[in-house]
Amino acid sequence: MKLSEISSELGKEITVESWIIRMRKQGKKLVFLSLFDGTGEVQATLKQSTIGIDEFKPILDVFRGASIRTTGILKEDSRAPQGYELQVTSFEIIHPSDETYEQQVTHESSTDIKLSKRHIVIRGPKSSSILRFQSHVLHYMRDYFYSKGLEEVFPPLIVEAQAEGGSELFEIKYFDRNAYLTQSSQLYLEAAIFSLRDVFCILPSFRAEKSKTRRHLTEYRHVEAEGAFMDFEDLVKFIEEMIAYIVDKVIANDQDILKMWDRELQPIKTPFRRIKYGDAIKLLKDEYDITIPHGEDISDAPERQLIDHFGEPLVLHHFPTTMKPFYHKIDPEDKNLTRSADFLFPGCGELVGSGERETDIGSMLERMAKMDPPVNPEEYYWYMDLRKYGSVPHSGFGLGLERLIMWLLGVEHIRDITLFPRTVTRLAP
RNA sequence: GUCGUUGUAGCUAAGUGGCUAAAGCGUCCGGCUGUUAACCGGAAGAUCGCAGGUUCGAGUCCUGCCAACGACGCCA
């Protein structure tokens, strides 16, 4: 029986399989165990007088981390942390642990030790709750996509080249030539809309940037979606609605986890506050005397300043054409601007990058030639064909899953919400 | 990549040029039938990150290297 299901079994005899995460030996005749099985936690009380002298003995030689099968009566007891406890009548050690388990890592250990012993650290209710939460959020996200008629597809992670210049790619050996790990599946999703109309994918993306910040991983879960016949306004609404939906679901279903992280999450109002790139740099100049030349990226510190200024999620949109890759659609009303939008959130910075896609081949070729180094359209023959043969207005976005979890739970560091984080210095475990 | 901080027992950590390198947790031995990071008594456990240098004497000062962390930079 799972520990998440036992609360309805008060007064009954149950058998649970679990791990010992804490243990107190009180003399040679009484032992308290904290049992954890990944779904819940309960205190087990083992008395020699109940279990029998010979049957009790093995528990005295057990170490934390051991797996154990316990049978007993679940009884209310005000002395137990949960208000009830398992009064064990018999048990069986499934697999022992040993004395070195205690010497691995404690909650006071340094970041370095905690990351090296991450496989041990995750064996507890708090880390467990994050991983469970991430699974729930993905579930809500897929629910939302399916309810909107999107289909999940699986673009390749091994690619020949990538559109976005500047960002560094991980190069890998691919038989007798080189290949790269993908940075984004966007271009493939753009191809997939011709097959399924509206699509999404949830896959890892890889960035070989030597960024050492609290919100960067070299491998992260990238949620991407692309919709045919979707313009910029439809796109922004789609993303806003998605985030509001996830927040509502979390509030409705995951209060226990929110409480564990001391997070009081409020429903989020749509539409979000929007500000044009041009107005944002003007605001930064006027209010904070921060000068950003038109066409330059708004870097980390000013970006935080912007988020703090409004104190709420922010849609930063209409970036200058010169800042964005060739596939961003130029705004017909102002050729210097693109129909693009970044979603900035408190605590995690840029959460979503999005935009309507360019469909004009001439404009794309022109911008590809201007890139540094210039992009060879031949390498993107298939992508150009999407425009050549019956293109449609379409839009899409990419969202960093770990960053979304950071914001939802108010967790400080991205590595704390990742099963086995990959950073510049961390390749194991 | 730049700058900074740190590196002493399995973990956390004191030690500001001079006696045998403190201590807590954990481990081992002993005690305890209601513990909540239990408690009480005892024991073992340290190539002071690595290499060189200064000095009568270096964990402590200097140089180089390595590693981790943090900030910045880079980065949808």
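The model shown is predicted, which means the values in this text are computed figures rather than measured ones. Each chain gets a letter, A, B and so on, in the order the sequences are listed, and its residues count up from 1. Values below: all heavy atoms of this structure, side chains included; hydrogens, waters and symmetry mates excluded.
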Is there a donor N/O on one and an acceptor N/O on the other, under 3.5 Å, for the side chain of [X] and the base of [N]?
X: A:Gln104; N: B:G26; value: no
X: A:Ser109; N: B:C11; value: no
X: A:Lys47; N: B:G34; value: yes
X: A:Gln43; N: B:U35; value: yes

[X] and [Y]: aromatic ring centres closer than 6.0 Å?
X: A:Tyr144; Y: A:Phe238; value: yes
X: A:Phe63; Y: A:Tyr101; value: no
X: A:His119; Y: A:Phe420; value: no

Heavy-atom protein contacts under 4.0 Å, nucleotides 41-46 of chain B, coded B base, S sugar-phosphate only, - none = ------
query = Is A:Arg64 touching bases, backbone alone, or none of the nucleic acid, heavy atoms closer than 4.0 Å?
reply = nothing
inquiry  = Regarding A:Thr100, tell me which of base, sugar-phosphate or nothing describes its non-hydrogen contacts under 4.0 Å with the strands shown.
reply    =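 No contact at all - A:Thr100 keeps every heavy atom at 4.0 Å or more from the nucleic acid.
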Would you mind pulling out the nucleotide paired to [N], Watson-Crick or G-U wobble, both distances under 3.5 Å?
N: B:A21; value: none
N: B:C61; value: B:G53
N: B:A68; value: B:U5

key: Lys/Arg-Asp/Glu bridge criterion (N-O < 4.0 Å) met for A:Lys75, A:Asp77   =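 Salt bridge between A:Lys75 and A:Asp77, a charged N being under 4.0 Å from a carboxylate O: no.
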note = Given the options A:Asp331, A:Asp334, A:Asp234, A:Arg339 meets salt bridge (Lys or Arg N to Asp or Glu O under 4.0 Å) only with A:Asp331
From B:G26, B:G70, B:U35, nucleotide with atom closest to A:Arg214 side chain =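 The closest nucleotide is B:G70.
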ask   = When you measure from every atom of RNA chain B, which of residues 115-125 of chain A have a heavy atom less than 4.0 Å away?
value =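 Those residues whose heavy atoms fall under 4.0 Å from RNA chain B, taken from residues 115-125 of chain A in numerical order, are A:Leu115.
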request  = Please say whether the positively charged group of A:Arg274, taken as NZ for Lys or CZ for Arg, lies over the ring of A:Phe272, i.e. under 6.0 angstrom from the six-membered ring centre and within 45 degrees of the axis.
outcome  = no
message = Which is more 5' along RNA chain B, the nucleotide nearest A:Glu99 or the one nearest A:His216? Just name the residue.
response =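 Counting from the 5' end, the first nearest nucleotide belongs to A:Glu99.
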ask   = Got a sec, which residues hit side chain to side chain donor-acceptor pair (under 3.5 Å) with A:Ser205, two or more places apart in sequence or on another chain?
value = A:His222
message = When you measure from the side-chain N and O atoms of A:His107 to the phosphate of B:C25, is any distance below 4.0 Å, counting only OP1 and OP2?
response = no
